[in-house]
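These numbers come from the heavy atoms of this one structure, side chains and all, not from hydrogens, waters or symmetry mates. Note on naming: letters A, B, ... go to the chains in the order of the sequence lines (proteins, then strands), and numbering restarts at 1 for each one. What you see is a predicted model, and the numbers here were worked out from it, not measured in a lab.
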Amino acid sequence: MTPITDILAGKAAVDSTVTICGWVRTRRDSKAGFSFITVHDGSCFDALQVVAPGNLANYQTEVLHLTAGCSVSATGKLVRSQGKGQSYEIQADSIQVVGMVDDPDSYPIQPKQHSFEYLRTVAHLRPRTNTFGAVTRVRNCLAQAVHRFFHERGFCWIHTPIITASDCEGAGKMFRVSTLDLANLPRKSPAGAPSSDQRSEIKDQRLPVDFAQDFFGKESFLTVSGQLNVECYCLALSKVYTFGPTFRAENSNTTRHLAEFWMIEPEIAFADLAADADLAEAFLKYIFQALLTERADDMKFFAQRIDKDCLARVEKFVSASFERMTYTDAIKHLEAAVAKGRQFEFPVKWGMDMQSEHERYLTEELVGRPVVVMNYPKQIKAFYMRLNEDEKTVAAMDVLAPGIGEIIGGSQREERLEVLDRRLDEMGMNKQSYNWYRDLRRYGTVPHAGFGLGFERTILYATGMQNIRDVIPFPRTPGNAEF
RNA sequence: UCCCCGAUAGCUCAAUCGGUAGAGCGAGCGGCUGUUAACCGCUAGGUUGCUGGUUCAAGUCCAGCUCGGGGAGCCA
């Protein structure tokens, strides 16, 4: 069996006999006595045309009944195509039908344009379409490039836990993980009641649930970020990253949110914010360059049919140097723009969290390249970000890219225990539950930094796809966990 | 979660003021053709998302629900 990608790349000799296996996209009959069958196998964007002569033993009984979606194995001589539209084709000596389509009339994937909304309802079959095949190969290409980038630079991939008992990750609502019987929840004993007398205890629904009886002996959840865990390994292995699924129970119904998505979070020791920004720039350029090199066929398709700008956008991204500016300067630029009459929906003021319109002005209009904005006001950033000497800003950075806005968020972490404790206090957080995180600052602390990248959003950016539900195989969103 | 819009054949959509349910594509059959968004003819295909209401009469009007889309918020 030869992958179609190898044949189209010229790896199989013309006039040699090859076998391809795949699924029928279309069949066109010539009553001169033969048929054209277009077969795709997912190995590349293009399909391969198989010419089926009428003297095949199963021509009348099977070949003439092939429809979209049938699986076949075709063997024959590889030749230069006589027709237009493809370079090679197979003159079939035999076509084995592996699996027919039961009811061609109702086969959900027809050789025509389908709406993405419809294809989501047939997510088990949509990978057979041009678009989802291309998305899938692009996704894989980027994922492989992520690992290759870090591996080449000596990073360790850390498999941070999916289940966490920290209720303190603080990045949004969490999914509870529990084996308790929801219809009969154990309750804590009322004050003064003998704790050993569980069986006769009256189950009062107003009493708090007794999670000591749950599987892990305490409340547990699905992770919303691997960052805190990966910091532990950073302060031992120096260069580490996570790349895995992440879960948010937010009731977000947008084209940019999933309840289950994949996130990449590198973390580097003995490093400051500038080193973090350098890493982010090298990283993004590396994975997008891999995409341009390895998936030119799929990117050409996206440029033709999905978003005509996507190819130029990625090419420009790879070659442009990133602009660096402080948050304070960014605000000055925005204020200058307002003074010149530029309109923003939200007013510009130092201390505000920048809106998407502000970020896009900076990266698209002001500099026309990716921008790294650094040193944000501490009020709008997380507790673990390193406090700067001005005591007003923290060493946080966002990478803003034309066409999307924020693509990466990161920071240098607060490595000084007393400053971290002060920040926890200021934000009214429970120090006790961060003891293991605080230990990292007590035992051989070092400056370290990292960032987070939403993998699906990166795919959106590269392909021009509009909805995040269409760049993950089986999207999980509020009210939808089908398939 | 909030605001707006939508749900009609396998798919994409139409149906005037409330008055017999339509087309294209796809599918089946036939014709034609080194075809490739093929083309021509014929045929089949419908509980108009669900529940209730108004009416002589509801795809159409009203209420509730379910699902989907766009925007906002939250964020990656």
Side-chain angles (χ1 to χ4, degrees), chain A residues 25-39 46-53 64-69 79-87 89 91 101-122 125 129-130 170-173 223-227 242-265 305 345-346 353 355-357 380 382 398-399 404-410 451-461 466-472 475 477-480 482:
Chain A
R25 197 153 262 153
T26 60
R27 187 198 85 236
R28 297 176 296 278
D29 302 323
S30 165
K31 282 301 189 299
F34 53 97
S35 298
F36 301 99
I37 302 162
T38 301
V39 177
D46 288 311
L48 189 63
Q49 175 162 287
V50 176
V51 182
L64 283 179
H65 296 95
L66 289 172
T67 55
V79 297
R80 299 263 177 205
S81 180
Q82 297 172 33
K84 293 170 183 168
Q86 61 278 322
S87 50
E89 64 191 21
Q91 295 284 352
V101 166
D102 277 354
D103 177 15
D105 191 45
S106 64
Y107 179 63
I109 309 296
Q110 298 170 2
K112 57 173 286 187
Q113 276 213 319
H114 291 291
S115 67
F116 291 135
E117 298 83 48
Y118 166 70
L119 289 172
R120 265 169 237 149
T121 69
V122 287
L125 295 169
T129 63
N130 278 333
K173 292 201 185 82
T223 184
V224 294
S225 165
Q227 183 201 315
T242 72
F243 185 6
T246 308
F247 307 88
R248 303 276 167 91
E250 304 285 353
N251 191 6
S252 295
N253 290 289
T254 80
T255 56
R256 305 170 58 75
H257 289 84
L258 291 166
E260 177 183 281
F261 63 99
W262 286 60
M263 192 154 63
I264 298 150
E265 296 171 293
R305 303 296 285 272
E345 189 184 342
F346 294 89
D353 205 357
Q355 299 291 323
S356 182
E357 59 172 346
I380 59 173
D398 283 352
V399 179
I404 188 172
E406 181 188 335
I407 188 168
I408 275 182
F451 62 81
L453 173 78
F455 189 50
E456 285 75 19
R457 289 187 179 177
T458 308
I459 301 170
L460 289 180
Y461 181 71
Q466 295 289 305
N467 196 315
I468 201 164
R469 298 165 194 201
D470 298 327
V471 297
I472 190 167
T477 52
N480 189 354
E482 286 298 303

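Computed from coordinates, the A/Asp353 CG to B/A72 P distance equals 16 Å when rounded to whole Å. The separation between A/Arg28 atom CZ and B/C39 atom P is 12 Å, rounded to whole Å. Counting to the nearest Å, the P atom of B/A38 and the CD1 atom of A/Ile37 are 15 Å from each other. Atom CD of A/Glu117 and atom P of B/C5 are 18 Å apart (whole Å). One interatomic measurement links the two molecules: CG of A/Asp46 to C1' of B/U36, which rounds to 13 Å at whole-angstrom precision. To the nearest angstrom, P of B/G68 lies 18 Å from CZ of A/Phe116. Here the P atom of nucleotide B/G69 and the CZ atom of A/Arg256 are 16 Å apart, to the nearest Å. Distance CZ (A/Phe36) to P (B/A37): 13 Å, rounded to an integer number of Å.
Spacing of C1' atoms, B/G10 relative to B/C5, comes out at 25 Å, to the nearest Å. With both ends at atom C1', the span from B/C39 to B/U33 equals 8 Å, rounded to whole Å. Remark: the separation of the P atoms in B/G18 and B/G26 is 36 Å, to the nearest Å. Taking the C1' atoms as reference points, B/C4 lies 30 Å from B/U47, given to the whole Å. Using C1' as the reference atom, B/U66 and B/C50 are 7 Å apart when rounded to the nearest Å. Annotation: B/U16 and B/A7 have their P atoms spaced 13 Å apart (nearest Å). For B/U20 and B/A38, the P atoms lie 36 Å apart once the distance is rounded to whole Å. The separation of B/G59 from B/G49, taken at their P atoms, amounts to 10 Å, rounded to a whole angstrom.
Residue contacts shown for A/Glu456 are absent, as no nucleic acid heavy atom lies under 4.0 Å away. Residue-level contact check: A/Ser115 touches the backbone only, with heavy atoms under 4.0 Å from sugar-phosphate atoms and none from bases. Nucleic acid contact class of A/Glu265 (heavy atoms, under 4.0 Å, all strands): none. Within the 4.0 angstrom heavy-atom criterion, only backbone atoms of the sugar-phosphate kind lie near A/Thr255; the bases stay farther away. Looking at heavy-atom distances under 4.0 Å, A/Tyr118 makes contact with sugar-phosphate atoms alone, never a base. A/Leu258 comes within contact range of at least one nucleobase, with a heavy-atom separation under 4.0 Å.
Of all nucleotides listed (B/U1, B/G68, B/U36), B/U1 comes nearest to the side chain of A/Asn251. In the set B/C75, B/G34, B/G68, the nucleotide with an atom closest to the side chain of A/His257 is B/C75. Across B/A72, B/G70, B/G34, the shortest atom-to-atom separation from the side chain of A/Thr254 is found for B/A72.
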(message) Show me the dot-bracket string of RNA chain B, counting Watson-Crick or G-U pairs under 3.5 Å, with | for pairs to another strand and [ ] for crossing ones.
(response) (((((((..((((.....[..)))).(((((.......))))).....(((((..]....))))))))))))....
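One donor-acceptor pair, N or O on each side, does fall under 3.5 Å between the base of B/G34 and the side chain of A/Gln91. On a pure distance criterion of 3.5 Å, a polar donor-acceptor pair joins the side chain of A/Gln86 and the base of B/U35. Below the 3.5 angstrom threshold, one finds no donor paired with an acceptor across the side chain of A/His114 and the base of B/C11. For B/C75, its base never sits under 3.5 Å from the side chain of A/Ser252 at any donor and acceptor pair. Judged by distance alone with a 3.5 Å cut-off, no donor-acceptor contact links the side chain of A/Glu250 to the base of B/G73.
Side-chain contact, A/Thr246 with A/Arg248: no donor N or O sits under 3.5 Å from an acceptor N or O. Of the N and O atoms on the side chains of A/Gln466 and A/Thr255, not one donor lies less than 3.5 Å from an acceptor on the other residue.
In this structure, A/Ile407 and A/Tyr461 have side chains that are in contact, with non-hydrogen atoms separated by less than 4.5 Å. With contacts defined as side-chain heavy-atom distances shorter than 4.5 Å, the pair A/Thr38/A/Arg28 qualifies. Residues A/Met263 and A/Thr242 fail the side-chain proximity criterion, which asks for heavy atoms closer than 4.5 Å. The shortest side-chain heavy-atom distance between A/Asp46 and A/Gln86 does not fall under the 4.5 Å cut-off.
For the OP1/OP2 pair of B/G71 and a distance below 4.0 Å, the side-chain nitrogens and oxygens of A/Asn253 include no atom meeting the criterion. Put simply, A/Asn480 has a side-chain N or O that comes within less than 4.0 Å of OP1 or OP2 on B/G68. In this structure, A/Arg120 reaches the B/G69 phosphate: one of its side-chain N or O atoms is under 4.0 Å from OP1 or OP2. Between A/Gln355 and the phosphate of B/A72, there is no side-chain N or O to OP1/OP2 separation shorter than 4.0 Å.
Without hydrogens or angle criteria, A/Asn251 side chain to A/Asn253 main chain gives no donor-acceptor distance under 3.5 Å. Panel note: side chain A/Glu89, backbone A/Val79; no donor-acceptor pair is recorded below 3.5 Å. Listed for the A/Arg27 side chain is a donor-acceptor partner under 3.5 Å among the backbone atoms of A/Leu64. The backbone N or O of A/Gly452 lies less than 3.5 Å from no partner atom in the side chain of A/Glu265, so there is not a single donor-acceptor pair. No donor-acceptor distance shorter than 3.5 angstrom exists from the side chain of A/Ser252 to the backbone of A/Thr254, with no hydrogens or angles considered.
Residue order along RNA chain B, read from the 5' end via each residue's closest nucleotide, puts A/Thr477 first among A/Gly454 and A/Thr477.
Here the shortest heavy-atom pairing between A/Pro245 and A/Thr223 reads O-CG2, 4.0 Å.
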(request) Step by step, work out the side chain to side chain contact (heavy atoms under 4.5 Å, CB included) result for A/Arg120 and A/Asn467. (result) CA-CA 11 Å; A/Arg120 265 169 237 149; A/Asn467 196 315; 3.5 Å; yes
(request) Give the B/S/- string for nucleotides 25-33 of chain B, one per nucleotide from 5' to 3', where a protein heavy atom under 4.0 Å of the base yields B, of only the sugar-phosphate yields S, and otherwise -. (result) BBSSS--BB
